[in-house]
Amino acid sequence: MLQKMQKISPGKALSGEEIGEQTGFSRVSVWKAVQALEKSGYEIESGPTGYRLLHERKDSVMPFEFGENEGQVIYIEETASTMNEARKISIERMLETEEKKEEKTESEASGRSAGLGRKPVIVICDKQTDGKDRKGNKWEGKEGSLAFTLCTEVSLPSSKSSRMVLAAQVTVANTLKALTGQTYHLKWPNEIWNDVEKVGGVLDEVFVSGNRTKWINLGIGLNIVNQFSRKSFLKTFLTMYKEIENKTLKYPEILVAEWNYYCSDINKTVRNSSDGFQGIFIGADDGGFGLIRNSGGDVKRLTPGESYLL
C-alpha cells in the first residue's frame with residue numbers, strides 16, 4: 001500500500017487508520033508491521049498524518065514484493081543452499097499431496113473433490129554459503145548474482161526427468177532476453193552462456209516413485225552483475241515458466257526445438273567426456289539426453305550427470 005501511494009501521490013502519507021480500515025487490522029498491528037519493514041531495510045517516515053515510504057529495501061525479494069505470486073516465493077535471509085531448503089519443502093508438499101489423495105478417495109462417494117495440483121514455488125535467499133554446481137564444486141555467488149531453487153511437482157517418467165533441466169534453461173534464456181534484449185546461449189547438459197563466457201547453470205534433484213517423478217527441484221545460479229534486479233528476473237521467470245511447463249508436459253517436441261534453437265553447439269564437432277565418442281552434436285532429445293552423430297552415422301545418447309561435451 002505504501003509503494004502504491006508513493007507512485008500515485010509522491011510525498012503523501014497514508015494514515016494508520018486508513019491502512020487499518022482497508023486491511024482489517026488494528027492500528028497497533030499496522031504500527032508493528034511498519035516496524036518490521038523498517039527493520040528489514042525499508043525506510044519509512046512516520047508522522048502525524050501517517051506513514052510514507054521514503055526508500056525501498058535494496059533489491060528486495062521478500063514474498064510480498066511479488067503481488068499475486070506472493071504464495072510462490074519463499075524467502076530465507078541466509079542458508080547453506082537453497083537446494084537443501086527446497087528438498088525439505090518438496091518432501092512436505094509431497095506428503096500433503098498424499099494426504100489429499102487419501103481424502104479424495106474417501107470423499108469420492110459423496111462427490112467432494114480434494115483439489116490437487118499446486119503451482120511451483122521459488123526458494124530464494126540473500127546469502128548462500130555452501131552452494132554447489134553439477135560437478136559438486138562450490139558455486140561462489142558474487143554481489144549482483146542470483147541463486148534460487150524452483151520446486152515443482154511435475155510427474156514424468158523417470159527416464160524423462162532431465163527434460164526439466166532443458167525447460168529451466170529455456171525459461172532462463174527467455175527471461176534474460178526479455179530483460180536485456182540480448183540473446184543468451186545454452187549448452188548441454190545445463191549451462192547458460194553469453195557471447196563470451198558461462199554466466200549460469202541449472203542443478204536438478206529428483207524424487208522418483210514407481211518409475212515416475214514425484215517432484216523435481218531445479219537449482220538455478222546466475223552471475224549476471226547489475227544488469228537487472230533479482231525481483232524483476234524472478235517475476236518474469238515465473239510468468240515465462242508457466243508456458244514452458246505446459247510445453248514440457250504436453251508438447252515436448254516444441255520444448256526440444258526451442259532448446260536446440262538456443263544451443264550454441266549444434267552442428268559442432270564435440271567429444272563425449274566419459275568415453276571419448278566424437279562426432280557432430282545434433283541437439284538434445286525429449287529426455288534431456290545429448291545426441292552426438294559420428295562419421296559413420298551412429299548416434300550416441302549422452303546421459304545427463306555422467307557426460308559433458310569436450
Side-chain angles (χ1 to χ4, degrees), residues 132-139 154 156-177 180 182-206 208 211-213 216-224 240-241 243-310:
K132 297 287 195 301
D133 64 15
R134 197 181 186 106
K135 297 179 182 178
N137 301 317
K138 187 168 184 177
W139 187 80
V154 170
L156 287 171
S158 57
S159 61
K160 305 287 188 180
S161 65
S162 291
R163 184 192 300 171
M164 291 302 297
V165 176
L166 305 186
Q169 286 178 282
V170 169
T171 307
V172 170
N174 286 341
T175 301
L176 291 174
K177 188 172 184 178
T180 68
Q182 302 173 18
T183 298
Y184 285 75
H185 312 289
L186 305 178
K187 288 179 177 285
W188 190 87
N190 69 323
E191 298 177 357
I192 298 104
W193 285 62
N194 59 20
D195 290 333
V196 179
E197 61 185 350
K198 177 182 175 181
V199 297
V202 180
L203 181 69
D204 64 322
E205 183 174 18
V206 184
V208 176
N211 294 322
R212 290 195 72 86
T213 61
I216 303 175
N217 290 344
L218 300 158
I220 298 169
L222 286 172
N223 282 323
I224 307 289
M240 298 280 189
Y241 179 76
E243 179 183 354
I244 296 298
E245 186 177 73
N246 185 55
K247 292 177 184 176
T248 301
L249 299 176
K250 297 181 180 179
Y251 311 104
E253 67 280 1
I254 298 178
L255 170 69
V256 169
E258 194 166 357
W259 188 91
N260 288 338
Y261 168 79
Y262 278 118
C263 180
S264 57
D265 286 330
I266 297 289
N267 295 326
K268 289 185 179 179
T269 299
V270 297
R271 184 161 46 90
N272 181 18
S273 62
S274 61
D275 63 6
F277 186 90
Q278 184 168 308
I280 302 298
F281 186 70
I282 57 175
D285 65 14
D286 68 357
F289 289 73
L291 304 172
I292 298 178
R293 183 174 59 223
N294 68 10
S295 56
D298 298 322
V299 176
K300 186 176 184 66
R301 296 179 81 219
L302 310 182
T303 305
E306 298 177 5
S307 301
Y308 298 87
L309 302 182
L310 300 174

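Quantities reported herein were computed from a predicted structural model and do not represent experimental measurements. In what follows, residues are counted from 1 in the order of the sequence shown.
Rounding to the nearest 0.5 Å gives a distance of 7.0 Å between CD1 of Ile220 and CD1 of Ile192. Considering CG of Leu218 and CG of Leu203, their distance stands at 9.0 Å, rounded to 0.5 Å. With rounding to the nearest 0.5 Å, the separation of CG in Leu166 from CG in Asp286 is 9.0 Å. Expressed to the nearest 0.5 Å, how far NZ of Lys187 lies from CG of Leu309 amounts to 8.0 Å. The NZ atom of Lys268 sits 8.5 Å away from atom SG of Cys263, with the distance rounded to the nearest 0.5 Å. Between the CD1 atom of Ile244 and the CD1 atom of Ile254 there is a distance of 10.0 Å, given to the nearest 0.5 Å.
Between Asn294 and Ile280 the shortest side-chain heavy-atom distance does not fall below 4.5 Å. Taking the side chain as every heavy atom from C-beta outward, Val270 and Gln278 never approach each other to under 4.5 Å. The shortest side-chain heavy-atom distance between Tyr261 and Val170 does not fall under the 4.5 Å cut-off. When side chains are defined from C-beta on, Ile216 does not count as touching Glu205, because their heavy atoms never get closer than 4.5 Å. For the pair Asp204/Met164, no side-chain contact is recorded, criterion being any heavy-atom separation below 4.5 Å from C-beta on. A heavy-atom distance below 4.5 Å is found between the side chains of Trp193 and Lys198.
Residue Ser162 comes nearest to Gly287 through the heavy atom pair CB-O, 3.3 Å, listed as atom of the first residue, atom of the second, then distance. Residues Phe289 and Ser159 approach most closely at CE1-O, 3.5 Å, considering heavy atoms. Here the shortest heavy-atom pairing between Ile266 and Ile282 reads CD1-C, 3.8 Å. Between Val208 and Ser158 the shortest heavy-atom distance is CG1-CB, 3.8 Å. Across all their heavy atoms, Trp188 and Leu302 have their closest contact at CZ2-O, 3.2 Å.
No donor-acceptor distance shorter than 3.5 angstrom exists from the side chain of Thr171 to the backbone of Met240, with no hydrogens or angles considered. Looking at Arg163, its side chain does come within 3.5 Å of a backbone N or O of Thr248 through a donor-acceptor pair. Side chain of Asn260 to main chain of Ala284: a donor-acceptor pair is present (N/O by atom type, distance under 3.5 Å, no hydrogens or angles). No donor-acceptor pair under 3.5 Å is formed between the side chain of Glu191 and the backbone N or O of Leu186. Side-chain atoms of Asn272 do not come within 3.5 Å of backbone N or O of Phe277 as any donor-acceptor pair. In terms of modelled atom types and a separation under 3.5 Å, the side chain of Glu245 and the main chain of Ala167 share no donor-acceptor contact.
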Which is it for Val299 and Ile292 under the side chain to side chain contact (heavy atoms under 4.5 Å, CB included) test, yes or no, and what are the steps along the way?
CA-CA 5 Å; Val299 176; Ile292 298 178; over 6 Å; no

Intermediate values then yes/no, side chain to side chain contact (heavy atoms under 4.5 Å, CB included), Tyr184 and Val172
CA-CA 9 Å; Tyr184 285 75; Val172 170; over 6 Å; no

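Heavy-atom neighbours of Asp298 CG from other residues, nucleotides or ligands within 6.0 Å: above the threshold of 12. Other residues, nucleotides and ligands place no more than 12 heavy atoms under 6.0 Å from the CZ atom of Arg293.
Relative ring orientation between Phe281 and Trp259 is described as perpendicular, the plane-to-plane angle rising above 60° on a 0-90° scale split at 30° and 60°.
For Lys247, the salt bridge (charged side-chain N to carboxylate O under 4.0 Å, His left out) partners at least two apart in sequence or on another chain are Glu243, Glu258.
Checking each of Asp195, Val199, Asp265 against His185 for a side-chain contact (heavy atoms from CB on, under 4.5 Å) leaves exactly one that passes, namely Asp195.
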